[in-house]
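All residue numbers in this chain count up from 1 along the given sequence.
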Amino acid sequence: MIAFVSGPVAALGPDTAVVEVGGVGMAVKCAPATLSGLRVGRQARLATSLVVREDSLTLYGFADDDERQVFELLQTASGVGPRLAQAMLAVHSPDALRLAVSTGDEKALTAVPGIGKKGAQRLLLELKDRLGGPVGATVPGARSAAAVGWSDQLHTALVGLGYATREADEAVAAVTPQAEAAVAAGDAPQVAQLLRAALQTLNRTR
């Protein structure tokens, strides 16, 4: 079990960070909010979960141990693999997921690509006694990102989730007023909050 990786970030992609560990580049699959906090050349420490398949070994990375634990707990539900679990964490923070499950918020789960109404109902039943309630003082929707570059980060995240470039462009345009309002108020736009709003926009147009 690889519990974490630590070292300089060698490269960043739409859904992957390469972290140099002891002279070896470790490719780590990360959610958009986690990637938004990384910079090439800077030190990073990512909590990790190794997913073993017959034909592959895939390392998933997280901003902290709590996110990794939720990622692993989500996969105990039937029909939830690592990709869907990571998509859920791309849209919601760990505490936001705990809140959604503990309050039976079906709409919050259907905001995740790949989860329909029936799937959300099943997940609410299966996860209610596994995730528990929110553990933080507040339920953050996202981690802060720099005000400059939020649109590129959001666009990359949407494409990484499988949306076409045109759809990503339209979704970014739809949430731009929300981001600009945050900047005007002196706050940094939060990529994961904007991602959730963008996904809701895309779901309405499909």
Side-chain angles (χ1 to χ4, degrees), residues 1-53 55-75 80-97 112-114 140-165 167-169 171-172 175 179 188-199:
M1 175 66 180
I2 302 175
F4 70 90
V5 296
S6 179
V9 178
L12 291 171
D15 63 354
T16 305
V18 178
V19 180
E20 184 179 339
V21 181
V24 178
M26 304 286 284
V28 186
K29 295 279 188 182
C30 300
T34 301
L35 288 171
S36 70
L38 304 177
R39 297 292 182 271
V40 173
R42 294 187 182 179
Q43 288 288 126
R45 184 185 188 281
L46 297 172
T48 57
S49 179
L50 181 63
V51 176
V52 180
R53 295 288 184 265
D55 59 349
S56 66
L57 296 173
T58 306
L59 198 60
Y60 288 83
F62 310 93
D64 54 44
D65 292 335
D66 183 40
E67 192 172 76
R68 177 185 60 194
Q69 182 181 21
V70 170
F71 171 79
E72 293 174 347
L73 284 172
L74 290 173
Q75 293 176 74
V80 179
R83 290 186 180 180
L84 183 56
Q86 191 172 61
M88 293 171 75
L89 286 165
V91 178
H92 300 294
S93 69
D95 261 0
L97 279 173
V112 178
R143 296 168 182 84
S144 294
V148 178
W150 69 266
S151 59
D152 290 338
Q153 294 170 13
L154 178 58
H155 192 278
T156 298
L158 290 166
V159 172
L161 288 172
Y163 288 96
T165 299
E167 291 178 308
D169 289 339
V172 170
V175 301
Q190 296 184 323
V191 174
Q193 283 185 348
L194 294 172
L195 177 61
R196 181 163 64 176
L199 289 170

Which heavy-atom pair separates S6 from V21 by the least distance, and what is that distance? O-CG2, 3.8 Å

Using only atom types and a distance under 3.5 Å, with no angle test, would you say the side chain of T48 pairs donor to acceptor with the backbone of I2? yes

Is any side-chain heavy atom of L84 less than 4.5 Å from a side-chain heavy atom of V112? yes

Restricting to side-chain contact (heavy atoms from CB on, under 4.5 Å), what partner residues turn up for P113, sequence neighbours left out? V91, Y163, L199

Reported CG-to-CZ distance for the pair D15 and R83, which is rounded to 0.5 angstrom: 9.0 Å

For E67 and P94, which heavy atoms make the closest approach, and how far apart are they? CA-CG, 3.8 Å

Using every non-hydrogen atom in the two residues, find where A90 and L195 come nearest and quote the distance to one decimal. O-CD2, 3.1 Å

Here the gap from D66 atom CG to D95 atom CG, rounded to the nearest 0.5 Å, amounts to 6.5 Å

All heavy atoms of A17 vs all of L12, minimum pair found to be CB-CD2, 3.7 Å

Any non-hydrogen side-chain atom of R42 less than 4.5 Å from a side-chain atom of V9? no

Would you please name every residue forming a side-chain contact (heavy atoms from CB on, under 4.5 Å) with E20, sequence neighbours left out? P8

Nearest 0.5 angstrom please: F71 CZ to Y60 OH, how far? 5.5 Å

Going by heavy atoms in the side chains, are C30 and L46 under 4.5 Å from each other? yes

Between R68 and A3 (side chain of the first, backbone of the second, donor and acceptor by atom type, cut-off under 3.5 Å), is there such a pair? yes

Between R196 and H92, the two heavy atoms sitting closest are NH1-ND1, 3.3 Å

Looking at CE of M26 and CZ of F4, how far apart are the two atoms once the value is rounded to the nearest 0.5 Å? 11.5 Å

Looking only at heavy atoms, which two atoms of L38 and A44 are closest? And how far apart? CD2-CB, 3.7 Å

